[in-house]
**Q** 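Dropping a structure here in structure tokens format, bear with me for questions.
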Amino acid sequence: MCGIVGYVGPKSAITYLLEGLFRLEYRGYDSAGVAIQQSEAIAIRKKTGRVNQLATLCQEQPIAGTFGIGHTRWATHGEPSDVNSHPHTGGNGEVVLVHNGVIENYGSLRNQLRELGYIFRTGTDTEVVAHLVAFHLAEEVKMGADPTETQTCVKAVEAALRRLKGTYGLAVLFRDVPGTLIAARLGSPLVVGIGKGEHFLASDASPLVGYTEEVVYLSDHELAVLTSDSLQLLHRDGGMQTPSVKVLEQSTQDLDLGEYDHYMLKEIFEQPTTVENALRGRLDDDEATAKFGGLNMDAQTLRRIDRIVLTACGTSWHAGLVGEYLLEEFARIPVEVEYASELRYRNPPLSDRTMIFAITQSGETADTLAAMRECKRKGHPTLAICNVVGSTIAREADGGIYLHAGSEVGVASTKAFTAQVTVLTLLALFMGRMRHLSYPAGKRIISHLRAMPDKLRKTLQCHQQVQEIAQKYYGAENFLYLGRLYNFPVALEGALKLKEISYIHAEGYPAAEMKHGPIALVDEDTPSVFVVPKCNIYPKVISNMEEIKARRGPVIAVACEGDDRVADLADDVIYVPEVDEYLQPLVTAVPLQLLAYHVALLRGCNVDRPRNLAKSVTVE
Ligand code: G6P
């Protein structure tokens, strides 16, 4: 939520700032703004709306200078408006900053600062931080410090941070210390890019791609002082830190739309490759199992595991549900899938044989991170299934498995789901082969997994047909998504995709459970999407479909190629290749992603930047 960028160097700052904000726009797009240091003051341009509106403003009112910060906002405190847009100013303009996070004690701090004469002009929690830094700067100066010294500014920021409760990623400019940018983090990610005679700052690595390959990820309670040619890291407890420089693995290709109109469509079509990448180097034919480089647990400990808790949010939680079925089936280990936002405040009994996996595309979701930390605090081995290399969750986990899905830019997750399900299948195979799963069964799973990229390529051939179906139903105001067993999580995911990007009310349910409530919604205007490939209880799902048809509800079915039974019953059928039951989510999710995409397009919605949502939810 909210994206931050910063630049100090010899070049015009606005180029990087705007490009960086474009790349971070998925983190929030209620408003955007930049501040650039000029000779006597810090100039600010900010505006409600998208980054391109800010870019237009910056063309109309050019803003020169080589040191600057920028922000794209997902509103938490204060409505989206020009005045609430970041950057915010502290004191009389001597401090200008941008913030990602939530300041929980902003109310009491604001009262204290008001009594001291500070004037508040916005409804944000961030303005409190700006005035607080200005206040401490003034205090330092009163004690004789030089306001043009970097050290004075560092002390002022440190003093302000000590008084904040909540989370922050901050980038601060000081009017009287040109060329110095101070960044600090607690709970909201920040990464510094090291260039030649220049430094970059960003909320994640995507803005840095193409600018530098050397990055330093800030940790909680770290403060960075950036100038063109120096980077100083300070920790709240330990003084000066030596920056640990990592090499960035992303490429600009990841961020290119190529032949596609939207990132979501591009990412849907990348899924065959996503599966290939998630499998690469992880299939062990000799042992008929999977292998992972980073679990950091020895075989003996892994064999002792008698319970697995998967925790996640959103689409990642749906992937976790598929994982539950896979792990229980192959490894016979009891699994629970917990919403991270619940787990973080619950206190379930967890033994030392419980393994915890946080599943997350971004590696920055605040609830998932907090749930993982809570489990870690209690001494449990806590691992991550994560896409973004170097993200907070990836770094804090005891071990884990990367998705290698490349950047996912569309706010509605698609290829990350596919990668997560692939990795969870590998994990189930791995844990299963340590227990009851036979060698031939392991071999069969491996060969079926190898076939999946081609099965997905074939699945994608339904694109045109899905587009036509979308045309027929895009006016509906309610949709039901129904599936059973492995396809129940797919139904949930299909409904979520539609809700997220088309704003149509959609509910996912186990197909049989719809009799206990949702069936009351069924009428001629409420389509039901049945995910009904051949499975053990296929006839039961057909009966559920009959129940909907008997109430004149339109039925769209996702079924296996050549399924005439479904064709007779459903109004529209989308065919997917036949695969083993446990692999079905990988193919059945695809038409539902495409359906949501085309319905949203037909309704004139912004598929890559749906209203009110953000790709990475870094606030509670
Ligand atoms: C947000 C995104 C979803 C995503 C969820 C969890 O809600 O819009 O697409 O599934 O966060 O994100 P994570 O990065 O932890 O997988």
Side-chain angles (χ1 to χ4, degrees), residues 1-3 24-29 74 76 187-189 203-206 262-264 267-268 274 278 310-323 337-344 356-373 383-397 400-403 405-421 423-424 489-490 492-503 508 589 592-593 596-597 600 605-620:
M1 295 344 274
C2 300
L24 288 180
E25 208 181 22
Y26 72 83
R27 299 177 69 90
Y29 29 84
W74 187 86
T76 58
S188 303
S203 290
D204 70 30
S206 59
H262 300 97
Y263 284 108
M264 183 177 176
E267 287 156 8
I268 291 173
T274 306
L310 305 174
T311 188
C313 302
T315 290
S316 299
W317 187 82
H318 294 157
L321 286 183
V322 181
V337 190
E338 297 273 353
Y339 281 118
S341 53
E342 290 293 305
L343 183 62
R344 65 181 291 184
I356 290 131
F357 267 98
I359 307 175
T360 169
Q361 188 285 127
S362 62
E364 301 293 351
T365 302
D367 285 325
T368 310
L369 175 61
M372 187 180 100
R373 283 180 176 163
L383 299 107
I385 292 175
C386 182
N387 193 34
V388 177
V389 177
S391 57
T392 310
I393 290 178
R395 285 183 294 129
E396 290 194 13
I401 310 170
Y402 277 120
L403 300 178
S407 299
E408 190 181 63
V409 180
V411 164
S413 184
T414 52
K415 65 175 179 174
F417 173 81
T418 300
Q420 287 163 345
V421 171
V423 161
L424 284 160
V490 175
L492 292 178
E493 178 58 7
L496 177 64
K497 287 290 85 82
L498 190 75
K499 256 185 290 212
E500 282 179 310
I501 60 169
S502 74
Y503 320 140
L592 305 190
Q593 297 165 346
Y597 172 81
C605 302
N606 185 330
V607 288
D608 282 339
R609 303 277 181 272
R611 73 180 179 211
N612 300 343
L613 300 178
K615 179 119 196 97
S616 174
V617 181
T618 56
V619 295
E620 258 199 87

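Note that the numbering runs from 1 along the sequence shown for the chain. Both counts, for ligands and for their atoms, begin at 1 and track the order of listing.
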**Q** Can you check whether Thr368 has an N/O within less than 3.5 Å of an N/O in ligand 1?
**A** no
**Q** Which residue supplies the protein heavy atom nearest to atom 16 (O) of ligand 1, what is that atom called, and how far is it?
**A** Ser316 OG, 2.5 Å
**Q** Could you list which atoms of ligand 1 come closer than 4.0 Å to a heavy atom of Ser362?
**A**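 This gives 13 (P), 14 (O), 15 (O) as the contact atoms.
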**Q** Measure across Thr274 and Ala405 and return the closest heavy-atom pair with its distance rounded to 0.1 Å.
**A** CG2-CB, 4.0 Å
**Q** How far is atom 13 (P) of ligand 1 from its nearest protein heavy atom, and which residue and atom name does that atom have?
**A**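 Result for atom 13 (P) of ligand 1: Thr365 OG1, 3.2 Å.
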**Q** Hey, looking at atom 1 (C) of ligand 1, which of Lys615, Gln361, Lys497 has the closest heavy atom?
**A**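 Among Lys615, Gln361, Lys497, the closest heavy atom to atom 1 (C) of ligand 1 comes from Lys615.
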**Q** Tell me which protein heavy atom sits closest to atom 5 (C) of ligand 1, plus the residue, atom name and distance to 0.1 Å.
**A** Cys313 O, 4.0 Å
**Q** Closest heavy-atom contact between Lys415 and Glu408?
**A**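 So the two residues come closest at N-OE2, 3.2 Å.
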**Q** Between Arg27 and Cys2 (side chain of the first, backbone of the second, donor and acceptor by atom type, cut-off under 3.5 Å), is there such a pair?
**A**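 Yes, because the side chain of Arg27 sits within donor-acceptor range (under 3.5 Å) of the backbone of Cys2.
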**Q** Can you list the ligand 1 atoms lying under 4.0 Å from a non-hydrogen atom of Ser413?
**A**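 Listed by number with element, the hits are 9 (O).
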**Q** Gly363 to ligand 1: N or O pair under 3.5 Å?
**A** no
**Q** Heavy-atom distances under 4.0 Å decide this one: backbone, side chain, both or neither, for Val617 against ligand 1?
**A**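 Only the side chain of Val617 comes within reach of ligand 1.
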**Q** Which label fits Tyr339 and Trp317: parallel for a plane angle under 30°, tilted from 30 to 60°, or perpendicular past 60°?
**A** parallel
**Q** Looking at every heavy atom in both Ile268 and Tyr597, which two are closest together, and how far apart are they?
**A** CD1-CB, 4.5 Å
**Q** Phe357 and Ile385: which non-hydrogen atoms are nearest, and at how many Å?
**A**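 It is CD2-CG1, 3.6 Å.
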**Q** Give the minimum heavy-atom separation between Lys497 and Ser413, together with the two atoms involved.
**A** NZ-O, 2.8 Å
**Q** What do we get for Ala312 next to ligand 1 when only non-hydrogen atoms under 4.0 Å count, side chain, backbone, both or neither?
**A** neither
**Q** Can you tell me which residue and heavy atom of the protein come closest to atom 10 (O) of ligand 1, and the distance to 0.1 Å?
**A** Thr315 N, 3.0 Å
**Q** Say whether Ala614 and ligand 1 are in contact under the criterion: heavy-atom distance to a ligand atom below 4.0 Å.
**A** yes
**Q** Starting from atom 9 (O) of ligand 1, locate the nearest protein heavy atom and write down its residue, its atom name and how far away it is, to 0.1 Å.
**A** Val411 O, 3.1 Å
**Q** Nearest 0.5 Å, please: how far is CD in Glu25 from OG in Ser206?
**A** 11.5 Å
**Q** Side-chain contact, heavy-atom cut-off 4.5 Å: Arg373 with Ile393?
**A** no
